[in-house]
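Working notes, beginning with the structure itself.
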Amino acid sequence: MTLTTATDSRVPIPPPTALGWSRLPAEYAIPKSAPSLEESQEYCRRLARTHYENFSVATWFLPKQLRQDFLNVYAYCRISDDLGDEVGDSVASLALLDEWQSELDACYAGTPRHPVFVALSETVRKFDIPKHEFSDLLIAFRQDQTVTRFETFNDVLAYCRYSANPVGHLVLYLCGYRDAERQQLSDYTCTALQLANFWQDVSVDYAKGRIYLPLEDLRRYSVSEQDLARDRNTPAFCEMMKFQVQRAREWFDRGMPLVKKVDKELAVDLELFSRGGQEILNAIERQNFVVLGRRPVISKTRKLALVARAALGKLL
């Protein structure tokens, strides 16, 4: 494609995929030929180790025989998220997500080129994971390019159905669980974690043009978008956030029975992530629900306490 300027020179316009890849780390790009399985597995290990230290902490508690498979799944989720959230151009993001979907299709057909999918193909084979668990995540990331407001809480839950819940299903598959009961309990926890992140990042998301707080609740509490834009933590806004925090706590409570329905190693990991999400809600509460312009964070002391508790549970 070209563009004719006023001086009649023809300026080439890069296709959306080229624009998108240029805005992401170079190692994300799809190579012309597939690397070996060993090279691909190292790629996934390196991605988790060098870019995302929180996941490296989590892998301390994974069974050794499952560690590589979790890293493969994590690499897929991480890059998928970045394709949707770090490009800064909706058209380019949608083009990249379509290309990523094609690589997922190739993974299931036995012909992937990207190292994540070369590594993931082995995980898919071992655990017989349905493709929709991976492609459902891409539905959410595509939606992020066009949907920036949610009218009702049910609309937010429908978004979580694709943005968060498939991750819990993938964890269960890797640990040998495929039944609907455990998946439902996992959905409660994953949705709760997503809600906690939304309530933590109201200002961060607004800066990206997105509001995950239900619009019906903004109206009910007489909170305006201008309040969000200007970081006005009014009494009405704080009262609304108090309601949202309690709502997220209820979803965590619904998911907690899953801890008693899985083996001890997975139970420790589930409790660690669940407690971490609840600590976000505690941090919001400690700030008296003042989150606009003041992102709540978990202190290093609290993080270490959570990890120590998980480690103790592992030893016991």
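In summary, the side chains of Glu122 and Asn72 do not present any donor paired with an acceptor at a separation below 3.5 Å, with no hydrogens or angles considered. Judged by distance alone, the side chains of Asp105 and Ser102 never bring a donor and an acceptor atom under 3.5 Å apart. Side-chain contact of Asp187 with Gln183: a donor-acceptor pair under 3.5 Å is absent, judged by distance alone. Side chain to side chain, Gln278 and Arg249 fail the donor-acceptor criterion of an N or O pair below 3.5 Å. There is no side-chain donor-acceptor pair under 3.5 Å between Glu103 and His114. Side-chain atoms of Asp144 and Tyr159 form a donor-acceptor pair, as typed in the model, at a separation below 3.5 Å.
Ion pairing of Lys261 with Asp179 is absent here, as no side-chain N (NZ or NE/NH1/NH2) approaches a carboxylate O to less than 4.0 Å. Arg247 has a carboxylate O that lies under 4.0 Å from a charged side-chain N of Asp217, or vice versa, which qualifies the two as a salt bridge. Ion pairing between Arg142 and Asp98 holds under the 4.0 Å rule for side-chain N and carboxylate O. Contact check on Arg219 versus Glu151 returns a salt bridge, with a Lys/Arg side-chain nitrogen under 4.0 Å from an Asp/Glu carboxylate oxygen.
Linking Ile, Leu, Val, Met, Phe, Trp and Tyr residues whenever their side-chain heavy atoms come within less than 4.5 Å places Tyr206 and Val147 in a single cluster. The hydrophobic clustering, which links ILVMFWY residues whose side-chain heavy atoms are closer than 4.5 Å, places Phe252 and Met241 together. Cluster annotation: Met256 and Val167 are assigned to the same hydrophobic cluster (Ile/Leu/Val/Met/Phe/Trp/Tyr, side-chain heavy-atom contacts under 4.5 Å, transitive). No continuous path of hydrophobic side-chain contacts links Val204 to Val291 [ILVMFWY only; heavy atoms under 4.5 Å].
Contact of the Leu24 side chain with the Leu96 side chain is registered, since non-hydrogen atoms from C-beta on lie closer than 4.5 Å. Under the 4.5 Å side-chain criterion, counting only non-hydrogen atoms from C-beta, Leu193 is in contact with Thr189. Here the side chains of Gln101 and Ser135 are in contact, with some heavy-atom distance below 4.5 Å. In this structure, the side chains of Arg220 and Phe243 come closer than 4.5 Å at one or more pairs of heavy atoms. Arg49 has its side chain within reach of Glu42: a pair of non-hydrogen atoms, C-beta onward, lies under 4.5 Å apart. Within the 4.5 Å cutoff, side-chain heavy atoms of Glu279 are placed close to those of Asn282. In this structure the side chain of Leu266 reaches within 4.5 angstrom of the side chain of Leu172, judged on heavy atoms. Proximity of Asp205 to Ile211: side-chain heavy atoms (C-beta onward) are nowhere separated by under 4.5 Å.
Rounded to the nearest 0.5 angstrom, Leu138 CG and His132 NE2 are separated by 13.5 Å. Atom NZ of Lys208 is separated from atom CD of Glu86 by 6.0 Å, given to the nearest 0.5 angstrom.
One N or O on the side chain of Arg113 and one on the backbone of Pro31 form a donor-acceptor pair closer than 3.5 Å. Counting only distance, with no hydrogens or angles, the side chain of Tyr74 and the backbone of Ala48 share no donor-acceptor pair below 3.5 Å. The backbone N or O of Pro296 sits less than 3.5 Å from a side-chain atom of Gln200, completing a donor-acceptor pair. A donor-acceptor contact shorter than 3.5 Å is absent between the side chain of Thr191 and the backbone of Tyr188. Side-chain N or O atoms of Gln145 include none that pairs as donor or acceptor with a backbone N or O of Ser93 at under 3.5 Å. Using a distance-only test at 3.5 Å, with no hydrogens or angles considered, no donor-acceptor pair links the side chain of Trp100 to the main chain of Leu83. Proximity of a side-chain donor or acceptor of Asn165 to a complementary backbone N or O of Ser186 within less than 3.5 Å is not detected. Glu39 places a side-chain N or O within donor-acceptor distance of the main-chain N or O of Ser36, the cut-off being under 3.5 Å.
Summarising the geometry of Leu19 relative to Ala92, their closest heavy-atom pair is CD2-CB, 4.2 Å, with the distance given to 0.1 Å. Contact detail for Ala192 and Ala248: the closest heavy-atom pair is CB-O, 3.9 Å.
You'll find the ring centres of Phe117 and Tyr76 inside the 6.0 Å limit.
Among Leu213, Asp227, Leu218, Asp231, the single residue meeting the side chain to side chain contact (heavy atoms under 4.5 Å, CB included) criterion with Phe237 is Leu213. Residue Phe70 is tested with Thr123, Leu170, Leu174 for a side chain to side chain contact (heavy atoms under 4.5 Å, CB included); the sole match is Leu174.
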- [ ] Determine, step by step, whether Arg232 and Gln226 satisfy the side chain to side chain contact (heavy atoms under 4.5 Å, CB included) criterion, reporting the C-alpha distance in whole Å, the side-chain angles of both residues, the deciding distance to 0.1 Å, and the verdict.
- [x] CA-CA 8 Å; Arg232 293 196 295 236; Gln226 282 300 306; 3.5 Å; yes

Open item on the list: Show, in sequence, the C-alpha distance, side-chain angles and deciding distance for Arg210 and Asp85, and conclude whether the salt bridge (charged side-chain N to carboxylate O under 4.0 Å, His left out) test is met.
Closed with: CA-CA 11 Å; Arg210 300 173 189 162; Asp85 216 32; 2.8 Å; yes

- [ ] Dump the intermediate steps for side chain to side chain contact (heavy atoms under 4.5 Å, CB included) on Asp269 and Val171, then the final yes or no.
- [x] CA-CA 10 Å; Asp269 296 325; Val171 170; over 6 Å; no

